[in-house]
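Just the heavy atoms: all of them, side chains too, but no hydrogens, waters or symmetry mates, feed the values below. Chain letters run A, B, ... following the sequence lines, proteins first and then strands; every chain starts at 1. In this text the structure is predicted, and so the values were computed from the model without any measurement.
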4 protein chains.
Amino acid sequence: MPRNPERDQQLREQRKKLLLDSALQVIAKRGIGLTSIQDIAKAAGLSVGNVYTYFSSKDELFSELLRRAQTEYGISVTLLAELDEDPLLKLRRMCAEWLALETNWAFTIILQTVRTNEMVPADIRQAVTDRFTANLEPVADIMRQGQRSGQILNGDPLQLALYFVSLIQGLTLQQAPGYVIPVPVNPDDIVRLFEAKNTHAKNI
Amino acid sequence: MPRNPERDQQLREQRKKLLLDSALQVIAKRGIGLTSIQDIAKAAGLSVGNVYTYFSSKDELFSELLRRAQTEYGISVTLLAELDEDPLLKLRRMCAEWLALETNWAFTIILQTVRTNEMVPADIRQAVTDRFTANLEPVADIMRQGQRSGQILNGDPLQLALYFVSLIQGLTLQQAPGYVIPVPVNPDDIVRLFEAKNTHAKNI
Amino acid sequence: MPRNPERDQQLREQRKKLLLDSALQVIAKRGIGLTSIQDIAKAAGLSVGNVYTYFSSKDELFSELLRRAQTEYGISVTLLAELDEDPLLKLRRMCAEWLALETNWAFTIILQTVRTNEMVPADIRQAVTDRFTANLEPVADIMRQGQRSGQILNGDPLQLALYFVSLIQGLTLQQAPGYVIPVPVNPDDIVRLFEAKNTHAKNI
Amino acid sequence: MPRNPERDQQLREQRKKLLLDSALQVIAKRGIGLTSIQDIAKAAGLSVGNVYTYFSSKDELFSELLRRAQTEYGISVTLLAELDEDPLLKLRRMCAEWLALETNWAFTIILQTVRTNEMVPADIRQAVTDRFTANLEPVADIMRQGQRSGQILNGDPLQLALYFVSLIQGLTLQQAPGYVIPVPVNPDDIVRLFEAKNTHAKNI
DNA sequence: TATGAATGAGGGTTCATTCAT
DNA sequence: GATGAATGAACCCTCATTCAT
């Protein structure tokens with residue numbers, strides 16, 4: 001199989017993805033502060049020096065990790081919003097999926113770390129914040145859909161979206177592995193907070 | 001003004017408080033992982049070595065910082081719960097106060113960081129989690145009060161308390177200084193999520 | 001000359017040996033308590049951080065240093081014991097060789113320091129003590145050989161070995177470079193202490 | 001009781017002695033490397049700063065400690081040498097006393113540390129070595145007495161004294177607390193090494 | 001490209017010594 | 001004199017990054 005620029009580029013992308021996935025795994029286990037390039041390289045089965053072939057710095061790797069995760073999340077929530085389905089069910093699915101994946105926990109931590117850490121370059125912080133804000137839109141859409149059908153509370157849909165996402169993220173952060181708060185968490189109960197007041201009355 | 005043991009002790013306490021306050025400021029800016037003893041000492045105007053006159057290690061300082069903040073918060077929310085006042089108003093107050101103080105922002109970040117950071121020793125993490133859980137109780141009490149008067153949603157009060165606190169903390173984390181998400185946050189709207197569905201209808 | 005794993009391993013071993021030799025030199029001069037990684041690195045012409053590429057900690061380096069020295073000594077004294085030679089001559093040789101080499105002086109100092117220094121972790125101390133005790137055996141063998149031929153004093157051979165080794169080590173310690181005690185030291189005279197009382201003249 | 005210069009001087013001497021004794025105790029327990037001014041002060045029930053009222057530096061304290069110990073030892077061994085007693089018995093007593101006191105262990109370690117450590121100022125090292133050499137004299141005297149009575153081996157008495165003292169010190173160093181070499185040590189057996197060859201024959 | 005040794009800055013911590021009270 | 005807080009240098013160790021092979 002002869003080398004060609006296209007195939008090289010493909011391999012490069014594969015390696016980058018491998019490194020990013022490995023990074024997320026390690027961070028999920030060790031926490032962001034204890035994750036070194038060494039750890040990531042080992043988890044990916046590459047050498048330390050080789051990591052720098054694909055990412056110019058640790059910051060760039062983390063930044064790229066966030067970019068991809070946020071983009072993926074944005075796509076997935078946009079698709080969800082566009083589904084022809086009960087809005088409340090959509091919220092429930094978001095909630096359940098988010099709380100289920102352990103990697104989301106790591107991702108949320110990285111997100112917060114980057115957004116609250118002044119050591120992170122301003123442009124990266126800005127980019128992360130912008131994507132976060134943009135990703136509120138599809139959630140706000142779901143809220144709007146629910147409001148139209150009278151299933152979801154009135155009020156600024158963007159605000160509701162922010163509350164919903166903040167609640168989920170807040171809960172995610174409580175789930176530090178091994179130190180769980182002894183209170184059950186239930187997607188249905190969470191979604192219920194956003195249901196319109198007279199839902200039941202109506203139904204009855 | 002000659003020295004005496006009492007005055008010495010007083011000065012000691014003052015210095016400890018100064019260091020803890022400085023630490024809070026710095027951590028809020030840099031994040032816990034990047035906050036060095038050097039930073040704290042500089043912020044407090046002391047030498048690095050002198051920090052160890054008051055705290056035997058960085059861990060102890062952080063642990064003490066959290067202990068104090070959580071204890072203070074616990075007392076304040078307990079007092080709030082015991083007030084003879086509209087439960088919804090109590091929630092509103094909690095919410096407003098929490099989102100108003102910048103120190104709460106720093107404190108929330110530290111709290112989350114400690115609970116999610118493997119660099120923090122396990123026993124400290126456990127202690128923090130335990131206090132966090134204990135501090136849910138007064139909030140659950142408020143929920144119970146509201147449920148008895150029909151003002152607050154039915155369901156496990158402890159769970160509702162966890163949701164409420166998580167939501168506030170989640171929102172707090174979004175408020176990174178300088179990179180605010182362009183969505184207004186309103187305590188009344190937040191409390192509304194926890195109101196009983198047919199409150200108004202009933203009352204009317 | 002391209003790199004390959006074998007050659008890498010070889011270089012690694014060379015570097016380790018270089019570091020251990022440098023450490024021995026420095027410790028001999030400064031004493032174990034005042035020898036820093038910095039000193040060792042400088043003596044070896046390497047950077048401080050690089051030392052940790054080869055040894056995971058200062059303790060491990062010291063421990064390895066002792067392990068090698070004691071193992072080498074054990075082999076050499078075992079070989080000596082097995083020689084087909086006059087036992088008294090064997091003792092004389094041990095004595096002369098030991099007092100002659102300056103590295104033995106350094107080694108003795110380290111040995112004693114480790115065994116008497118609470119800064120050294122307990123397990124390392126135990127290992128050193130165990131090897132020291134084991135290395136008494138070959139010397140005791142020599143004593144037994146001499147006792148069989150009536151050339152060496154009666155009594156517990158292990159005890160005699162301990163006395164012999166302690167005497168040599170005690171003398172070694174007196175030989176601090178530049179501050180020598182003005183008393184001549186003579187291997188023959190030392191060995192004479194262990195000769196049987198009425199050996200030759202009387203028996204013949 | 002009014003102050004007067006004489007009494008002040010007395011108190012000063014008492015405090016110095018207290019500090020030196022405390023230092024020896026602590027060193028015997030912790031080892032020289034782990035003994036800090038703080039430890040010594042605490043053991044003596046004084047404050048850290050106050051130690052510097054009596055000794056200008058840690059080095060001076062250690063140096064003074066050695067000076068006193070060596071002087072005391074010198075006096076005691078001189079008295080022993082002048083006793084009208086069997087020379088072999090004298091050696092036996094020296095040996096037994098030396099190996100019995102735990103503080104002698106600490107003292108021997110300090111002695112060796114100072115003599116083999118180039119960080120110690122040259123003049124202190126020289127002084128220690130000189131006193132050590134001087135203290136060999138009384139031991140040599142005992143040897144001479146024994147040689148005159150035919151009880152002790154022939155040869156340079158000073159050399160024999162050095163061997164005897166080195167042997168005792170070597171054995172002392174083996175007795176690191178908690179890591180004892182499993183070989184019994186017996187003063188009688190040690191003295192026997194220095195007995196004249198045909199002692200028994202003669203006696204019989 | 002791939003490797004991992006090498007570097008150097010920085011972090012936590014200790015401790016002899018000084019100094020204001 | 002007595003106290004213990006304050007200082008600053010030094011120590012061990014880690015880790016992002018570079019570089020020779």
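A 6.0 Å sphere centred on NZ of A/K16 holds more than 12 heavy atoms belonging to other residues, nucleotides or ligands. Atom CD of B/Q38 has 12 or fewer neighbouring heavy atoms from other residues, nucleotides or ligands inside a 6.0 Å radius.
Counting to the nearest Å, the C1' atom of F/dC11 and the CD1 atom of C/I40 are 12 Å from each other. Put simply, NZ on C/K42 is 13 Å from P on E/dG8, counting in whole angstrom units. Taking atom CG of A/L46 as the reference point, atom C1' of E/dA2 lies 9 Å away to the nearest angstrom. Rounded to a whole Å, the CZ atom of B/F55 is 13 Å from the P atom of F/dA5. What separates CZ of B/R3 from C1' of E/dT21 is a distance of 6 Å, to the nearest Å.
The CG atom of D/D39 lies 7.0 Å from the NZ atom of D/K42; values are rounded to the nearest 0.5 Å. If you take OG1 on A/T53 and CZ on A/R12, they are separated by 7.5 Å, rounding to the nearest 0.5 Å. C/L66 CG to C/I124 CD1: the interatomic distance, rounded to the nearest 0.5 Å, is 8.0 Å.
Residues passing the side chain to side chain donor-acceptor pair (under 3.5 Å) test with B/R131, sequence neighbours excluded: B/Q70. Residues meeting the side chain to side chain donor-acceptor pair (under 3.5 Å) test with C/S22, sequence neighbours left out: none. With sequence neighbours excluded, the residues satisfying side chain to side chain donor-acceptor pair (under 3.5 Å) with C/D8 are C/R3.
Under 3.5 Å, the side chains of C/S47 and C/N50 contain no donor-acceptor pair of N or O atoms.
Within the structure, a side-chain polar atom (N or O) of B/Y54 is placed less than 4.0 Å from OP1 or OP2 of F/dA6.
Of the residues in residues 8-18 of chain C, those with a non-hydrogen atom less than 4.0 angstrom from any atom of DNA chain E are C/R12, C/R15.
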Test salt bridge (charged side-chain N to carboxylate O under 4.0 Å, His left out) applied to C/R68 and C/E13, step by step: CA-CA 13 Å; C/R68 292 204 185 184; C/E13 275 309 313; 3.6 Å; yes

Annotated protein contacts, base or backbone, on nucleotides 13-19 of chain E with a non-hydrogen cut-off under 4.0 Å, one of B, S, - each: BB-SBB-

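In DNA chain F, runs of at least 3 stacked Watson-Crick or G-U pairs (N1-N3 plus N6-O4 or O6-N4, or N1-O2 plus O6-N3, all under 3.5 Å) give these stems: E:2-21 with F:2-21.
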